[in-house]
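Note that the structure is a prediction, hence the values are computed from the model and not measured.
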Amino acid sequence: MGKLWTLIIQLHTIAGPVVTLLYPLYASVVAIESPSKVDDEQWLAYWIIYSFLTLAEMVLQPILEWIPIWYDVKLLMVAWLVFPQFKGAAYLYERFVREHIRKYVTEREHHHEVHQNQQQSKKSPNGGKPKKKFVDFITPKKGDQEAY
């Protein structure tokens, strides 16, 4: 029983890095090289969620030390995120992360546009109209009525 227990402990120790890092690294490289975007989304979602999990684990380390099965629970959670049969990372990203990211990105883009327009109107010598860029002269947008 002692040798079997030692083998189980050794496999358990190796399983963590293999499931959390080695296989996702390999699958990410394969996903980048494939023409499909579905697997790209799965692995980008995995790395985002795994990063959140790692940061949360760092912050909560003093509490997690008191939970004896934390490593096992984490290993099972990450296995659910990783294994292609479940696609847990893509599911969690779609269900919980995407709406917050889109909200943040939309607010940030709006704030950036307002700030740019304010800066342009302060600097613009033509009465607050935005400056035309050289690219605008080369490729006018549809519906532009101005003659260049």
Side-chain angles (χ1 to χ4, degrees), residues 1-124 128-136 138-144:
M1 180 71 177
K3 290 182 181 183
L4 178 63
W5 188 249
T6 304
L7 178 65
I8 290 172
I9 290 174
Q10 292 301 320
L11 289 175
H12 189 268
T13 304
I14 293 170
V18 169
V19 170
T20 61
L21 296 172
L22 193 59
Y23 177 72
L25 176 65
Y26 169 76
S28 297
V29 171
V30 170
I32 288 173
E33 296 301 322
S34 77
S36 172
K37 289 202 176 245
V38 174
D39 53 358
D40 295 353
E41 290 178 8
Q42 159 68 18
W43 292 110
L44 284 171
Y46 170 77
W47 290 112
I48 291 168
I49 292 168
Y50 183 72
S51 298
F52 283 144
L53 180 63
T54 303
L55 288 171
E57 190 177 28
M58 289 170 62
V59 170
L60 300 173
Q61 185 63 33
I63 296 168
L64 296 174
E65 286 176 356
W66 290 94
I67 303 173
I69 61 168
W70 167 245
Y71 186 76
D72 299 322
V73 170
K74 177 186 172 187
L75 192 57
L76 287 173
M77 282 184 352
V78 172
W80 179 74
L81 293 173
V82 166
F83 291 139
Q85 295 86 349
F86 304 117
K87 295 187 180 179
Y91 173 79
L92 283 181
Y93 185 81
E94 284 290 327
R95 180 92 182 195
F96 300 105
V97 178
R98 177 171 270 166
E99 66 187 52
H100 296 293
I101 297 297
R102 281 189 175 170
K103 180 181 173 187
Y104 173 75
V105 168
T106 303
E107 288 175 2
R108 183 181 166 111
E109 286 175 353
H110 175 70
H111 177 70
H112 182 69
E113 287 174 9
V114 168
H115 181 69
Q116 269 190 328
N117 289 341
Q118 288 173 348
Q119 292 298 325
Q120 290 246 339
S121 65
K122 288 179 185 176
K123 293 180 181 178
S124 178
K129 292 181 184 175
K131 293 181 183 178
K132 294 275 186 188
K133 295 180 182 176
F134 181 70
V135 175
D136 292 337
I138 296 173
T139 57
K141 295 180 176 85
K142 290 184 181 179
D144 268 352

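- Ring orientation note: the planes of Trp80 and Tyr91 are nearly perpendicular, at an angle over 60° on the 30°/60° scale.
- For the pair Ala89 and Ala45, the tightest heavy-atom approach, listed with the atom from each and the gap, is O-CB, 3.6 Å.
- Atom OH of Tyr71 is surrounded by more than 12 heavy atoms from other residues, nucleotides or ligands within 6.0 Å.
- Atom CD1 of Ile69 sits in a sparse spot, with 12 or fewer heavy atoms from other residues, nucleotides or ligands closer than 6.0 Å.
- Considering CG of Leu81 and NZ of Lys74, their distance stands at 11.0 Å, rounded to 0.5 Å.
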Before you tell me yes or no, could you show the steps for Tyr46 and Val78 under side-chain contact (heavy atoms from CB on, under 4.5 Å), namely the whole-Å CA-CA distance, both residues' side-chain angles and the distance that decides it to 0.1 Å?
CA-CA 9 Å; Tyr46 170 77; Val78 172; 3.6 Å; yes
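- Taken from CD1 in Ile67 to CG in Asp72, the straight-line distance is 12.0 Å, to the nearest 0.5 Å.
- Using the six-membered ring where Trp is involved, Tyr50 and Trp47 have ring planes that are perpendicular, over 60° apart on the 30 and 60° scheme.
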What's the verdict on side-chain contact (heavy atoms from CB on, under 4.5 Å) for Asp39 and Val30, showing C-alpha distance, side-chain angles and the deciding distance?
CA-CA 9 Å; Asp39 53 358; Val30 170; 5.5 Å; no
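- Annotation for Thr20 and Gly16: closest pair OG1-O, 2.7 Å, computed over non-hydrogen atoms.
- Judged by distance alone, the side chain of Gln42 and the main-chain N or O of Ser28 form no donor-acceptor pair under 3.5 Å.
- Glu41 contributes atom CD, which lies 10.0 Å from atom NZ of Lys87 (distance to the nearest 0.5 angstrom).
- Nearest heavy-atom pair across Val82 and Val19 is CG2-O, 3.5 Å.
- In this structure the side chain of Glu57 reaches within 4.5 angstrom of the side chain of Trp70, judged on heavy atoms.
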